[in-house]
Asks: 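Got a structure for you, questions after.
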Amino acid sequence: MPELPEAETIVRGLRPAITGRRIARAEVLKPDGLLESKRSFAPKGRGRTVARVERRAKNVLIVLDGGRRIAVNLGMTGRLLPFETPPRGARRPTHPAVRFRFADGSLLVFDDTRRFGTVECLTDEEWRSREARFGPEPLDDGFTAGMLHSALATSRSPVRSWLLDQRRIAGVGNIYAAEALFLSGVNPLRQARSIDGPEAERLHAALRDVLRGAIDEGGTTIRDYRNAIGGESGYARLLGVYGRDGAACRRCGSTVERAVLSNRSAFFCPTCQPAP
DNA sequence: AGTGTATCCTGCAGGC
DNA sequence: TGCCTGCAGGATACAC
């Protein structure tokens, strides 16, 4: 899926496109991703105006006036496209699941091929309790290397699994976990609590560099991901290890390896990231 | 506590 | 060309 940088890119693209628009109606074409019934969901946003568009973890939040927000988790293949007829070079929605029609005639389509994404319309109260389950935002000023180090110290979990757990850190997925571990020279199989202070500092810096760099590039397009205007984005060419198994490490020339950890691919350079 | 497995889905690439 | 297998940015539930 879209991880933090992709969700952030979508939010930034969506903001000018839909802020201030009034929702005329919500049409549910595929109810799978809806965490409530169509009949309950559809009326909630009707007549409401989009006050702001925000991101928390990998979720896109469309905050409405009157105290509700539409929370979209994009899953693996979710997209939010402010059109049905794509601009030049962008893709038409192929698997529209929910379509919002605004009073001025414009649209927002939640398109999701694999239908792992979810859409909800939550009250402030409901959102607050949901939000409490996410760990800190890695790009927040309050997220320090010291915090990361002490949080890692309590877990025996492999550090790659630790980074993917949204309750520990919000927004990191498989691509950026791989990249941050590569840049900091930490093997993905290392136990979280084995990471020492200097390593935690390097990992902290790498996480932030990688996430900021990917936001600057508008995210990483591997297969399905598209930004808010349906275009591809540029971080893919900067990847150090993700999806590069069998290729030469850009730093030392060793062959990048792939291992399976908790049923998901982990990519690493055996030289730059020595095994525990 | 943490891991492996399975599940929800569709689509694509690669091997034969 | 088709068929088969494995793989995919996520999240969750289950047994062990």
Side-chain angles (χ1 to χ4, degrees), chain A residues 1-11 29-35 55-60 71-80 91-98 110-120 130-131 133-135 138 151-181 188-194 207 210-211 213-215 217-227 232-246 258-267 276:
Chain A
M1 143 189 168
E3 305 181 27
L4 184 157
E6 290 74 30
E8 182 64 29
T9 300
I10 288 169
V11 163
L29 293 85
K30 296 203 174 69
D32 315 35
L34 219 54
L35 299 180
R55 178 192 62 74
R56 175 73 168 105
K58 303 171 188 173
N59 298 271
V60 175
V72 180
N73 184 302
L74 298 151
M76 292 280 236
T77 53
R79 308 177 201 173
L80 280 165
R91 276 191 195 172
R92 169 180 301 279
T94 51
H95 296 73
V98 181
F110 175 58
D111 187 77
D112 186 14
T113 307
R114 289 175 70 185
R115 308 213 297 274
F116 291 170
T118 58
V119 180
E120 300 168 89
R130 172 70 49 88
E131 211 265 337
R133 302 210 296 250
F134 294 120
L152 286 163
T154 64
S155 172
R156 300 161 128 72
S157 179
V159 63
R160 202 288 307 267
S161 307
W162 193 97
L163 290 170
L164 293 191
D165 186 340
Q166 300 300 295
R167 294 167 301 186
R168 319 230 211 220
I169 297 198
V172 180
N174 209 19
I175 295 179
Y176 301 111
E179 294 304 304
L181 290 169
L189 292 160
R190 291 269 303 279
Q191 263 196 349
R193 64 176 188 174
S194 79
L207 274 168
V210 160
L211 294 171
I215 290 171
E217 290 291 331
T220 302
T221 295
I222 304 277
R223 264 170 294 273
D224 301 287
Y225 169 75
R226 293 294 183 279
N227 62 29
E232 302 195 1
S233 32
Y235 198 75
R237 72 194 156 78
L238 301 175
L239 293 174
V241 288
Y242 183 85
R244 296 193 67 245
D245 49 317
R258 171 181 174 270
V260 177
L261 176 58
S262 303
N263 264 344
R264 305 196 62 189
S265 292
F267 301 94

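From a predicted model like this one, the values you see are computed outputs, not experimental measurements. Below, chain A is the first sequence line, B the second, and so on; all start at residue 1.
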Asks: Would you confirm whether A:Arg55, through its side chain, and A:Ala57, through its main-chain N or O, come within 3.5 Å as a donor-acceptor pair?
Replies: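 At least one qualifying donor-acceptor pair exists.
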
Asks: Ignoring backbone atoms, test whether A:Arg258 places a side-chain nitrogen or oxygen under 4.0 Å from the OP1 or OP2 oxygen of C:dG6.
Replies: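 No, outside the criterion.
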
Asks: Side chains of A:Thr77 and A:Asp112: is there a donor and an acceptor less than 3.5 Å apart?
Replies: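 A:Thr77 vs A:Asp112: donor-acceptor pair found between side chains.
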
Asks: Just N and O in the side chain of A:His95: are any of them under 4.0 Å from OP1 or OP2 of B:dG11?
Replies: yes

Asks: For a side-chain contact (heavy atoms from CB on, under 4.5 Å) check, start with the C-alpha distance between A:Arg133 and A:Gln166, then their side-chain angles and the critical distance, and finish with the verdict.
Replies: CA-CA 8 Å; A:Arg133 302 210 296 250; A:Gln166 300 300 295; over 6 Å; no

Asks: Give me the distance, rounded to whole Å, that separates C:dC3 from B:dC8 when you measure between the P atoms they each carry.
Replies: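 Comparing P positions in C:dC3 and B:dC8 gives a spacing of 24 Å.
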
Asks: Any protein N or O atoms within reach of nucleotides 14-16 of chain B? Criterion: under 3.5 Å, listing atom names and distances.
Replies:
none

Asks: What heavy-atom pair brings A:Leu164 and A:Gly173 nearest, and what distance separates the two atoms?
Replies: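 Shortest heavy-atom separation between A:Leu164 and A:Gly173 comes out as CD2-C, 3.2 Å.
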
Asks: Can you tell me how far P in B:dT10 sits from the matching atom in C:dT1, rounded to whole Å?
Replies: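 After rounding to an integer number of Å, I get 24 Å for this pair.
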
Asks: Decide, applying a 5.5 Å centre-distance limit and a 30° plane-angle limit (both strict), whether A:Phe116 stacks on B:dC9.
Replies: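 No.
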
Asks: Nearest-Å distance, CG (A:Leu74) to P (B:dC9)?
Replies: 19 Å

Asks: C:dA11, OP1 or OP2 - any side-chain N/O from A:Lys58 closer than 4.0 Å?
Replies: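 For C:dA11, OP1/OP2 do have a side-chain N/O of A:Lys58 under 4.0 Å.
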
Asks: Check the side chains of A:Arg130 and A:Asn59 for a donor-acceptor pair under 3.5 angstrom, ignoring hydrogens and angles.
Replies: no

Asks: Applying salt bridge (charged side-chain N to carboxylate O under 4.0 Å, His left out), name anything that partners A:Asp165, two or more places apart in sequence or on another chain.
Replies: A:Arg167, A:Arg168

Asks: For a quick test of reading the model, state the closest non-hydrogen atom pair linking A:Tyr176 to A:Gly219 and the distance between them.
Replies: OH-C, 4.1 Å

Asks: Which atoms form the tightest heavy-atom contact between A:Leu261 and A:Ser161, and what is the distance?
Replies: CG-OG, 4.0 Å

Asks: Report yes if a side-chain nitrogen or oxygen of A:Thr77 is closer than 4.0 Å to either non-bridging phosphate oxygen (OP1 or OP2) of B:dT10; otherwise report no.
Replies: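 Answer is no, no contact under 4.0 Å.
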
Asks: Take atom CD1 of A:Ile10 and atom P of C:dG10, then tell me their distance rounded to the nearest Å.
Replies: 13 Å

Asks: Please measure how far the P atom in B:dA6 lies from the corresponding atom in C:dT5, and state the result in whole Å.
Replies: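 The same atom, P, in both gives a distance of 15 Å.
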
Asks: Just to be sure I follow the notation: if a pair is Watson-Crick (purine N1 to pyrimidine N3 plus N6-O4 or O6-N4) or a G-U wobble (N1-O2 and O6-N3), each under 3.5 Å, what dot-bracket string does DNA chain B give, with | for pairs to another strand?
Replies: .|||||||.|||||||

Asks: Might you list the N or O atoms of the protein lying below 3.5 Å from N or O atoms in nucleotides 3-5 of chain B, with each pair's distance?
Replies:
unit_1, atom_1, unit_2, atom_2, d
B:dT3, OP1, A:Pro158, N, 3.4
B:dG4, OP2, A:Ser262, N, 3.2

Asks: Please report the closest heavy-atom contact between A:Leu74 and A:Phe110, naming both atoms and the distance.
Replies: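 Between these two residues, the closest heavy atoms are CD2-CE1, 4.1 Å.
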
Asks: Taking the minimum atom-to-atom distance to the side chain of A:Arg133, which one of C:dA8, B:dG11, C:dT12 wins?
Replies: C:dT12

Asks: What about A:Arg114: does its side chain form a donor-acceptor pair under 3.5 Å with the base of C:dA8?
Replies: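 Result: at least one qualifying N/O pair found.
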
Asks: A:Ser265 near the nucleic acid: base, sugar-phosphate alone, or nothing, with a heavy-atom cut-off under 4.0 Å?
Replies: sugar-phosphate

Asks: Below 4.0 angstrom from OP1 or OP2 of C:dA8, is there any side-chain N or O of A:Arg264?
Replies: no

Asks: Please report the distance, rounded to the nearest Å, between CD1 in A:Ile169 and C1' in C:dG10.
Replies: 17 Å

Asks: Calculate, to the nearest 0.5 Å, the distance between atoms CD and CZ belonging to A:Glu131 and A:Arg56 respectively.
Replies: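 Reported value, rounded in 0.5 Å steps: 4.0 Å.
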
Asks: Does a nitrogen or oxygen in the side chain of A:Asn73 sit under 4.0 Å from OP1 or OP2 of C:dA11?
Replies: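 For A:Asn73, the contact criterion (side-chain N or O under 4.0 Å from OP1 or OP2 of C:dA11) is met.
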
Asks: Checking contacts here: which listed nucleotide (C:dG10, C:dA8, B:dG2) is nearest the side-chain heavy atoms of A:Arg168?
Replies: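 Nearest to the side chain of A:Arg168 among the choices is B:dG2.
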
Asks: Kindly give the heavy-atom pair with the smallest separation between A:Val241 and A:Glu179, and that separation in Å.
Replies: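 Minimum heavy-atom contact is N-OE2, 3.0 Å.
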
Asks: Between A:Glu3 (CD) and C:dA11 (C1'), how many Å, whole number?
Replies: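 It works out to 13 Å between those atoms.
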
Asks: What is the distance from CG of A:Asp112 to C1' of B:dT10, rounded to the nearest Å?
Replies: 10 Å

Asks: What integer distance in Å separates A:Asp165:CG from C:dT12:C1'?
Replies: 12 Å

Asks: Quick one: list whatever passes side chain to side chain donor-acceptor pair (under 3.5 Å) with A:Ser194, sequence neighbours left out.
Replies: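 Result, side chain to side chain donor-acceptor pair (under 3.5 Å) vs A:Ser194: A:Arg190.
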
Asks: Distance check needed: C:dA11 P versus A:Leu163 CG, whole Å only.
Replies: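 Value for this atom pair: 14 Å.
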
Asks: Between the protein and nucleotides 13-16 of chain C, which nitrogen or oxygen pairs are less than 3.5 angstrom apart?
Replies:
none

Asks: Can you tell me how far CZ of A:Phe116 sits from CG of A:Asn73, rounded to the nearest 0.5 angstrom?
Replies: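 Going from the CG atom of A:Asn73 to the CZ atom of A:Phe116 covers 12.0 Å.
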
Asks: Can you measure A:Tyr176 atom OH to C:dG10 atom C1' for me and round it to whole angstrom units?
Replies: 15 Å

Asks: Does this structure show an ion pair linking A:Glu6 with A:Lys58, if we count only N-O contacts that are shorter than 4.0 Å?
Replies: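 Between A:Lys58 and A:Glu6 there is no salt bridge, as every charged N stays at least 4.0 Å from the carboxylate O atoms.
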
Asks: Considering non-hydrogen atoms only, spot the tightest contact between A:Thr94 and A:Asp111 and give its length.
Replies: N-OD1, 3.0 Å

Asks: List the steps, then state whether side-chain contact (heavy atoms from CB on, under 4.5 Å) holds for A:Leu163 with A:Ile169.
Replies: CA-CA 6 Å; A:Leu163 290 170; A:Ile169 297 198; 4.1 Å; yes

